[in-house]
A.B. asks: 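Take this structure, written in structure tokens, and hold onto it; I'll ask about it next.
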Amino acid sequence: MLRIFLLTALTFSLLSASAQVECEDTCSHIHGIDISHYQGKIFWETIASNTPMAYVYIKATEGGNRIDQEYENNILTAHQYGLKVGSYHFYRAKIEQETQLANFVLQCRPSEQDLIPLIDVEVASGLGVEEFCDSLFKFLELVEHYYRQKPLIYSGTNFYNKYLAGKMDRYPLMIAQYRAPEPVLKDGKDYLIWQYTGKGHLRGINGYVDKSRFMGDHKLKEIRFRHRKGEF
């Protein structure tokens with residue numbers, strides 16, 4: 001009986017340890033995370049000094065008036081510890097595009113960005129494909145005009161294939177798919193980043209965190225914010 005108990009305990013211990021092995025522990029890809037107030041208090045010093053995360057996207061805004069309550073603290077503290085950061089906006093298709101842009105730019109200030117803006121596109125708000133895309137592309141054009149560079153577009157594989165396939169040639173992509181194998185887009189478009197889990201673990205964050213990695217030969221420089229003298 002004691003032998004069985006010890007064997008069971010050892011097996012459980014090994015399984016628990018292996019469950020904590022993350023993708024960045026076993027490969028050489030360029031890894032990063034995206035976070036919001038859902039992660040609660042984040043220990044940025046621990047992330048900066050004890051993990052291989054090369055980039056962080058921080059939620060800034062959603063729709064026309066929502067501001068992530070932890071945004072200011074997160075971006076300030078992440079910068080203090082030398083992390084490369086960018087900001088993202090969760091797009092709501094039925095809210096006026098100019099209103100959403102005004103909300104985003106008040107938070108996502110160019111002087112504080114290392115990475116190009118990210119637009120989170122994952123809900124159609126009940127609109128059909130044509131109407132949704134008309135709404136989205138009006139907003140993306142406003143974002144591009146204001147920041148003078150194309151934003152990074154985030155979407156899930158299924159959502160992309162239904163609403164965006166064949167329409168995103170002008171924009172770099174981050175694609176979410178929380179299962180193997182790597183995402184395959186219906187239009188065959190290349191994407192820079194794969195968000196491969198929504199249940200990642202990371203020293204410095206209690207609970208789950210979204211993790212992503214660059215694909216193939218893509219590099220961090222492809223999403224760097226291009227600053228210009230005298231802007232904003």
A.B. asks: According to salt bridge (Lys or Arg N to Asp or Glu O under 4.0 Å), who are the partners of K162, at least two apart in sequence or on a separate chain?
C.D. replies: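 None.
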A.B. asks: Just distance, no hydrogens or angles: give the donor-acceptor pairs under 3.5 Å from side chains in residues 48-58, sequence neighbours left out.
C.D. replies:
| unit_1 | atom_1 | unit_2 | atom_2 | d |
| --- | --- | --- | --- | --- |
| S49 | OG | E45 | O | 2.7 |
| N50 | ND2 | T46 | O | 3.3 |
| T51 | OG1 | I47 | O | 2.6 |
| Y55 | OH | S212 | O | 3.3 |
| Y55 | OH | S212 | OG | 2.7 |
| Y57 | OH | I116 | O | 2.7 |

A.B. asks: Among the clusters formed by ILVMFWY side chains lying less than 4.5 Å apart, do L202 and I75 turn up in the same one?
C.D. replies: yes
A.B. asks: Give a yes or no on whether I153 and M215 share a hydrophobic cluster (residues Ile, Leu, Val, Met, Phe, Trp, Tyr; joining criterion: side-chain heavy atoms under 4.5 Å apart).
C.D. replies: yes
A.B. asks: Hey, which of Y71, Y88, F90 is the one that makes side chain to side chain contact (heavy atoms under 4.5 Å, CB included) with S36?
C.D. replies: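 Result for side chain to side chain contact (heavy atoms under 4.5 Å, CB included) with S36: Y88.
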A.B. asks: Would you mind writing out the side-chain donor-acceptor pairs for residues 121-140 within the sub-3.5 Å range, not counting sequence neighbours?
C.D. replies:
| unit_1 | atom_1 | unit_2 | atom_2 | d |
| --- | --- | --- | --- | --- |
| D134 | OD2 | K138 | NZ | 3.4 |
| S135 | OG | Y91 | OH | 2.4 |
| S135 | OG | A93 | O | 2.8 |
| S135 | OG | Q97 | NE2 | 3.2 |

A.B. asks: Under the side chain to side chain donor-acceptor pair (under 3.5 Å) rule, collect the residues that match up with E98, sequence neighbours excluded.
C.D. replies: none
A.B. asks: Any idea which heavy atoms bring N103 and G64 closest together, and the distance?
C.D. replies: CB-O, 3.4 Å
A.B. asks: How about L164 and S155: do any of their side-chain heavy atoms sit closer than 4.5 Å?
C.D. replies: yes
A.B. asks: Taking the ring of F225 and the ring of H227, is the distance between their centroids below 6.0 Å?
C.D. replies: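 Centroid separation for H227 and F225: below 6.0 Å.
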A.B. asks: Can you list every pair that meets salt bridge (Lys or Arg N to Asp or Glu O under 4.0 Å) and has a residue in residues 172-200, with sequence neighbours left out?
C.D. replies: E182-R213
A.B. asks: Under 30°, 30 to 60°, or over 60°: which ring-plane class applies to F159 and Y163, parallel, tilted or perpendicular?
C.D. replies: parallel
A.B. asks: With side chain to side chain contact (heavy atoms under 4.5 Å, CB included) as the test, pick out the partner of I193 among I223, D34, L118, I175.
C.D. replies: I223
A.B. asks: For D114 and H79, run side-chain contact (heavy atoms from CB on, under 4.5 Å): C-alpha distance rounded to whole Å, both residues' side-chain angles, the deciding distance at 0.1 Å, then the answer.
C.D. replies: CA-CA 9 Å; D114 301 305; H79 268 306; 2.8 Å; yes
A.B. asks: Donor-acceptor check, side chain of R148 to backbone of H145, threshold 3.5 angstrom: yes or no?
C.D. replies: no
A.B. asks: Begin from the C-alpha positions of E70 and K41 and carry the test salt bridge (charged side-chain N to carboxylate O under 4.0 Å, His left out) through to its verdict.
C.D. replies: CA-CA 9 Å; E70 294 295 329; K41 179 175 176 57; over 6 Å; no
A.B. asks: Does R92 have any side chain to side chain donor-acceptor pair (under 3.5 Å) partners at least two apart in sequence or in another chain, and if so, which?
C.D. replies: E62
A.B. asks: Which atom pairs, donor and acceptor, lie under 3.5 Å between side-chain atoms of residues 204-211 and protein residues at least two apart or in another chain?
C.D. replies:
| unit_1 | atom_1 | unit_2 | atom_2 | d |
| --- | --- | --- | --- | --- |
| K211 | NZ | E22 | OE1 | 3.2 |
| K211 | NZ | E24 | OE1 | 3.2 |
| K211 | NZ | E24 | OE2 | 2.6 |
| K211 | NZ | H201 | O | 2.5 |

A.B. asks: Taking L220's backbone N and O only, do any of them form a donor-acceptor pair with E222's side chain (distance below 3.5 Å, no angle check)?
C.D. replies: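 The answer is no, because no donor-acceptor pair under 3.5 Å joins these two groups.
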A.B. asks: Would L115 end up clustered with V85 when hydrophobic side chains under 4.5 Å apart are linked, directly or stepwise?
C.D. replies: no
A.B. asks: Looking at NZ of K150 and CE of M168, how far apart are the two atoms once the value is rounded to the nearest 0.5 Å?
C.D. replies: 11.5 Å
A.B. asks: Through direct or indirect side-chain contacts below 4.5 angstrom among Ile, Leu, Val, Met, Phe, Trp and Tyr, which residues connect to Y38?
C.D. replies: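 ILVMFWY cluster around Y38 holds nothing else.
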A.B. asks: With clusters built from Ile, Leu, Val, Met, Phe, Trp and Tyr whose side-chain heavy atoms come within less than 4.5 Å, directly or transitively, what are the remaining members of the cluster of L76, listed by chain and number?
C.D. replies: none
A.B. asks: Testing the basics here: between Y154 and A176, what is the closest heavy-atom pair and its distance to 0.1 Å?
C.D. replies: OH-CB, 3.3 Å
A.B. asks: Using only atom types and a distance under 3.5 Å, with no angle test, would you say the side chain of N161 pairs donor to acceptor with the backbone of L185?
C.D. replies: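 Flag not set: sc N161 to bb L185 has no pair under 3.5 Å.
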A.B. asks: Aromatic rings Y196 and H31: how do their planes relate, parallel, tilted or perpendicular, breaks at 30° and 60°?
C.D. replies: perpendicular
A.B. asks: Nearest 0.5 Å, what's the CD-CZ distance between Q100 and R66?
C.D. replies: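 Taking CD in Q100 and CZ in R66, the distance rounds to 11.0 Å.
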A.B. asks: Are M174 and Y178 connected in a single hydrophobic cluster, I mean Ile/Leu/Val/Met/Phe/Trp/Tyr linked by side-chain heavy atoms less than 4.5 Å apart?
C.D. replies: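 Result: yes, single cluster for both.
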A.B. asks: Kindly work out whether a path of hydrophobic side-chain contacts (I/L/V/M/F/W/Y, heavy atoms less than 4.5 Å apart) joins L83 to I35.
C.D. replies: yes
A.B. asks: Side chains of L173 and Y160: closer than 4.5 Å at any heavy-atom pair?
C.D. replies: yes
A.B. asks: Do you know which two heavy atoms are closest between P151 and I119, and how far apart they sit?
C.D. replies: CB-CG1, 3.9 Å
A.B. asks: Please identify each residue that fulfils side chain to side chain donor-acceptor pair (under 3.5 Å) with Q80, with sequence neighbours left out.
C.D. replies: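 None.
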A.B. asks: Could you go through L101 and H89, starting from their C-alpha distance and side-chain angles, then the distance that decides it, and tell me whether this counts as side-chain contact (heavy atoms from CB on, under 4.5 Å)?
C.D. replies: CA-CA 9 Å; L101 179 70; H89 174 80; over 6 Å; no
A.B. asks: Rest of the hydrophobic cluster containing V184 (Ile/Leu/Val/Met/Phe/Trp/Tyr, side-chain heavy atoms under 4.5 Å)?
C.D. replies: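 Result for V184 is none, singleton.
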A.B. asks: Given side chains that start at C-beta, do those of Y81 and F43 come closer than 4.5 Å, heavy atoms only?
C.D. replies: no
A.B. asks: Starting from I67, walk the hydrophobic network (Ile, Leu, Val, Met, Phe, Trp, Tyr; side-chain heavy atoms closer than 4.5 Å) and list everyone else you reach, by chain and number.
C.D. replies: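 Cluster partners of I67: none, it stands alone.
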A.B. asks: Under the criterion side chain to side chain donor-acceptor pair (under 3.5 Å), I'd like the reasoning laid out for Q177 against T157: C-alpha separation, chi angles, the key distance, then a yes or no.
C.D. replies: CA-CA 6 Å; Q177 180 172 294; T157 304; 2.9 Å; yes
A.B. asks: Check whether any side-chain heavy atom of K221 lies under 4.5 Å from a side-chain heavy atom of R224, and answer yes or no.
C.D. replies: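 In contact.
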A.B. asks: Would S87 and Q113 count as a side-chain contact (heavy atoms from CB on, under 4.5 Å) if you check the C-alpha gap in whole Å, the side-chain angles of each, and the deciding distance to 0.1 Å?
C.D. replies: CA-CA 7 Å; S87 305; Q113 310 304 309; 2.8 Å; yes
A.B. asks: Please assess N74 against I42 for the test side-chain contact (heavy atoms from CB on, under 4.5 Å), listing each intermediate value before the final yes or no.
C.D. replies: CA-CA 8 Å; N74 279 334; I42 296 175; 4.0 Å; yes
